[in-house]
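Working notes for the structure below.
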Amino acid sequence: MISTYYTYRPGLFSRELGFWLEPRAIGVSRGKEQSRIPYGDVDEVRLYRLFMRGTAAIDKKTTWRMHLHCRSGERLVLSPLHYVRLRSWEDRSGAYGPFVNELLSRLRTVDPNLKVIAEHHWTMRLRNHAKRQMSAIGGAILLKLVRLLRNCDPDRTAERAAQLMRLVGRLLRGHRIAHRNLIAAFPDKPEQEIDAILEGMWDNVGRASAEYAYLDRLWDFNLNQDSGRRIVIDRATLHCAARIRESGKPMLFFGAHLANWEMTAVALAALGLKLAVVYRPPDLAPIAAEMLELRTRLMGNLIPAERGAALRLKRALDGGESVAMLVDQHFTGGIDVMFFGRRCKVNPTLGRFARLTECPIHGARTIRLPAGRFRVELTDALAAPRDTGGKIDVAGTMQMITSVIESWIGEHPEQWLWMHRRWR
């Protein structure tokens, strides 16, 4: 009696394969041909991790492909990817997963010492090796480029970088992700408006990338004169910053990848706030040290987003430093919030610290203005929702923060990084 059945087509010139599990053997059909392989004939099982194909490849989804090596010399390959037509694949993981799990269970029952090897497919190993090599080479080149750009005019360089990204961006994988995200977030917007937002996004990406070389030159706001050529800060934000300074208490600041998001942390530090800033080290190792030195000089205490970060942040708060972090990207293992009507994961660290310390929560953002200028804004302290016991509710607080960021993005959608896979 057949207990489980699974079929898939490996490729264009392949017939659809069928597999079923019998009490003592696995059945295989190739068109009209059928055969049975006893479970005891399977000598080795190899599980290869590889990237999905088709549209799933855009999201970098991975899967496991099973190879059965038999003592008779026969080899069976089972995959969740079913070929439909040219460049089109169907994900059959829903049926594939239970089938291979049951198969593996039966194989191990017959042979408790069955050799099972799980490893990355050679295509993934090659890709990872190439990525490491390109990271080293690209980082060295980028470091030299940044040093060279520091001798150039910031406005002219940013404009050229924006022009380049408007042309190149549409060819990148991130463009397809961004287009899909925009349609999901703004289903009523016409395609022409979606295209305009995408072009603005790439323009902003180009400018923000070039501005990394000039972070220490872009900030020209004079706190004593309440003015600056590039930086615009309204009275409400200045008064809010003054109240925070005078209180002498640590605060919790959240931001998003809007406009030049690095400028937000620079602004908070320049306004006299003592900060511990959570940051992600650059993937390109050669430039990481240079960027760390520049960021530390401009922002203050930098804490990498890695294991142990929460403990370091707690120590910073205990020492009187405010914590600032970006909370608009996917966080594996985070809590669920609604963002543009869709559920996603968010890092709950700020909400947990708010509950633990009762520190006030402020939003901070930078808005890109014409002619190479920026406007920096601080919100007043937000009233965090509380549970029935009077304690700050972590999930509710993160939803409140996410809703504020959603409103910011709605005001200037072209200034946010839509190519990030926010919904997974």
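Note that the numbering runs from 1 along the sequence shown for the chain. Keep in mind that the numbers below use all heavy atoms, side chains included, and drop hydrogens, waters and symmetry copies. Fair warning: this is a prediction, and the values are worked out from it, not measured in the lab.
Atoms OG1 and CH2, on T7 and W20 in that order, are 11.5 Å from each other to the nearest 0.5 Å. Atom CG of L258 is separated from atom CG of L417 by 8.0 Å, given to the nearest 0.5 angstrom. Within the model, atoms CE of M398 and CD1 of I361 stand 8.0 Å from one another, a figure rounded to the nearest 0.5 Å. Once rounded to the nearest 0.5 Å, the distance linking CG of L271 with CG of L378 reads 7.0 Å. A distance of 8.5 Å separates CG in L268 from OG in S322, rounded to the nearest 0.5 Å. Once rounded to the nearest 0.5 Å, the distance linking CG of L107 with CG of L103 reads 4.5 Å.
Here the side chain of T379 pairs a donor or acceptor atom with the backbone of G363 at under 3.5 angstrom. The backbone N or O of D153 lies less than 3.5 Å from a partner atom in the side chain of T157, making a donor-acceptor pair. A donor-acceptor pair under 3.5 Å is formed between the side chain of W418 and the backbone N or O of P413. Not a single donor-acceptor pair under 3.5 Å links the side chain of R355 to the backbone N or O of L350. Between the side chain of R108 and the backbone N or O of S105, no donor-acceptor pair lies under 3.5 Å.
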- [ ] Quick one: do H69 and R75 satisfy side chain to side chain donor-acceptor pair (under 3.5 Å)? Show the steps, please.
- [x] CA-CA 5 Å; H69 297 259; R75 189 179 73 171; 4.9 Å; no
Open item on the list: Applying ring-ring contact (aromatic ring centres under 6.0 Å, His included) to F340 and W416, what does each step give before you reach the verdict?
Closed with: CA-CA 13 Å; F340 284 100; W416 192 58; 7.2 Å; no
- [ ] Take R365 and E411, measure what salt bridge (charged side-chain N to carboxylate O under 4.0 Å, His left out) needs, and give me the verdict at the end.
- [x] CA-CA 12 Å; R365 66 166 169 168; E411 293 176 24; 3.0 Å; yes
Open item on the list: Could you walk me through whether L76 and H67 satisfy the side chain to side chain contact (heavy atoms under 4.5 Å, CB included) test, starting with their C-alpha distance in whole Å, then the side-chain angles of each, then the deciding distance to 0.1 Å, before giving a yes or no?
Closed with: CA-CA 6 Å; L76 299 180; H67 291 230; over 6 Å; no
- [ ] Evaluate the criterion side chain to side chain contact (heavy atoms under 4.5 Å, CB included) for residue pair I244 and L273; output intermediate values, then yes/no.
- [x] CA-CA 8 Å; I244 294 173; L273 308 181; 3.7 Å; yes
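Counting only heavy atoms from C-beta outward, the side chains of I37 and F19 never approach each other to under 4.5 Å. Side-chain atoms of R421 and H330, non-hydrogen and from C-beta on, never get closer than 4.5 Å to each other. You'll find the side chain of Y39 reaches within 4.5 Å of the side chain of I26, heavy atoms only. Between V232 and V376, every side-chain heavy-atom pair lies at or beyond the 4.5 Å cut-off. Between Y214 and C152 there is a side-chain heavy-atom pair separated by less than 4.5 Å. For the pair V84/R9, no side-chain contact is recorded, criterion being any heavy-atom separation below 4.5 Å from C-beta on. Residues F253 and T264 are not in side-chain contact: their nearest non-hydrogen atoms beyond the backbone lie 4.5 Å or more apart. Using a 4.5 Å heavy-atom cutoff, the side chains of H362 and C240 are in contact.
The nearest pair of heavy atoms linking M400 to A383 is SD-O, 3.5 Å. Nearest approach of M251 to L317, heavy atoms of both residues: O-CD2, 4.2 Å. Between S29 and Y5 the shortest heavy-atom distance is OG-OH, 4.0 Å. Scanning both residues, F353 and A310, for their nearest heavy atoms gives CZ-O, 3.4 Å. The shortest heavy-atom contact between C359 and P250 is SG-O, 3.7 Å. Of all non-hydrogen atoms in K274 and G319, the two that sit nearest each other are NZ-O, 4.3 Å.
Sorted by first and then second residue, the side-chain hydrogen bond (donor to acceptor under 3.5 Å, both in side chains) pairs with a member in residues 181-190 read K189-E193; sequence neighbours excluded.
E211 and R230 are not joined by a salt bridge, as no carboxylate oxygen comes within less than 4.0 angstrom of a charged side-chain nitrogen. Classification of E377 and R375 as a salt-bridged pair holds, one side-chain N sitting under 4.0 Å from a carboxylate O. Salt-bridge formation is not detected for the pair D155/R160: no Lys NZ or Arg NE/NH1/NH2 atom is positioned less than 4.0 Å from an Asp or Glu carboxylate oxygen. Between R49 and E119 there is no salt bridge, since no side-chain nitrogen of the basic residue lies less than 4.0 Å from a carboxylate oxygen of the acidic one. One finds a salt bridge joining R71 and D43 here, because a Lys/Arg side-chain nitrogen approaches an Asp/Glu carboxylate oxygen to under 4.0 Å. A salt bridge links R386 with E358: the closest approach of a Lys/Arg side-chain nitrogen to an acidic carboxylate oxygen falls below 4.0 angstrom.
For S88 and Y83, the side-chain atoms include no donor-acceptor pair closer than 3.5 Å. Checking Q399 against S403 by side-chain atom types alone, a donor-acceptor pair falls below 3.5 Å. Using modelled atom types, one finds a donor on one side chain and an acceptor on the other under 3.5 Å when comparing R92 with H82. No side-chain N or O of N260 forms a donor-acceptor pair with one of T366 less than 3.5 Å apart.
Annotation for R424: atom CZ counts as buried by contact number, over 12 foreign heavy atoms lying within 6.0 Å. Atom CD of Q192 has 12 or fewer heavy atoms from other residues, nucleotides or ligands within 6.0 Å. At most 12 heavy atoms of other shown residues, nucleotides or ligands fall within 6.0 angstrom of atom NZ in K115.
Between Y96 and Y8, the ring center distance fails the sub-6.0 Å criterion. If you look at F339 and W423, their ring centroids are closer than 6.0 Å. Separation of the W261 and F254 ring centroids does not fall under the 6.0 Å cut-off.
Partners of R297 under the side-chain hydrogen bond (donor to acceptor under 3.5 Å, both in side chains) rule, at least two apart in sequence or in another chain, are E293. In this structure, the side chain to side chain contact (heavy atoms under 4.5 Å, CB included) partners of S35, at least two apart in sequence or on a different chain, are V28, R30. Residues satisfying the side-chain hydrogen bond (donor to acceptor under 3.5 Å, both in side chains) test with E262, not counting sequence neighbours, are Y212, R295. A search for side-chain hydrogen bond (donor to acceptor under 3.5 Å, both in side chains) contacts involving D216 returns R150, not counting sequence neighbours.
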With a cut-off of 3.5 Å and sequence neighbours excluded, list every side-chain donor-acceptor pair involving residues 195-210.
| unit_1 | atom_1 | unit_2 | atom_2 | d |
| --- | --- | --- | --- | --- |
| W202 | NE1 | H175 | ND1 | 2.9 |
| D203 | OD1 | R207 | NE | 2.7 |
| D203 | OD2 | R166 | NH1 | 2.3 |
| N204 | OD1 | R368 | NE | 2.7 |
| N204 | OD1 | R368 | NH2 | 3.3 |
| N204 | ND2 | A259 | O | 3.3 |
| R207 | NH1 | E159 | OE1 | 3.4 |
| R207 | NH2 | E159 | OE1 | 2.6 |
| S209 | OG | V205 | O | 2.8 |

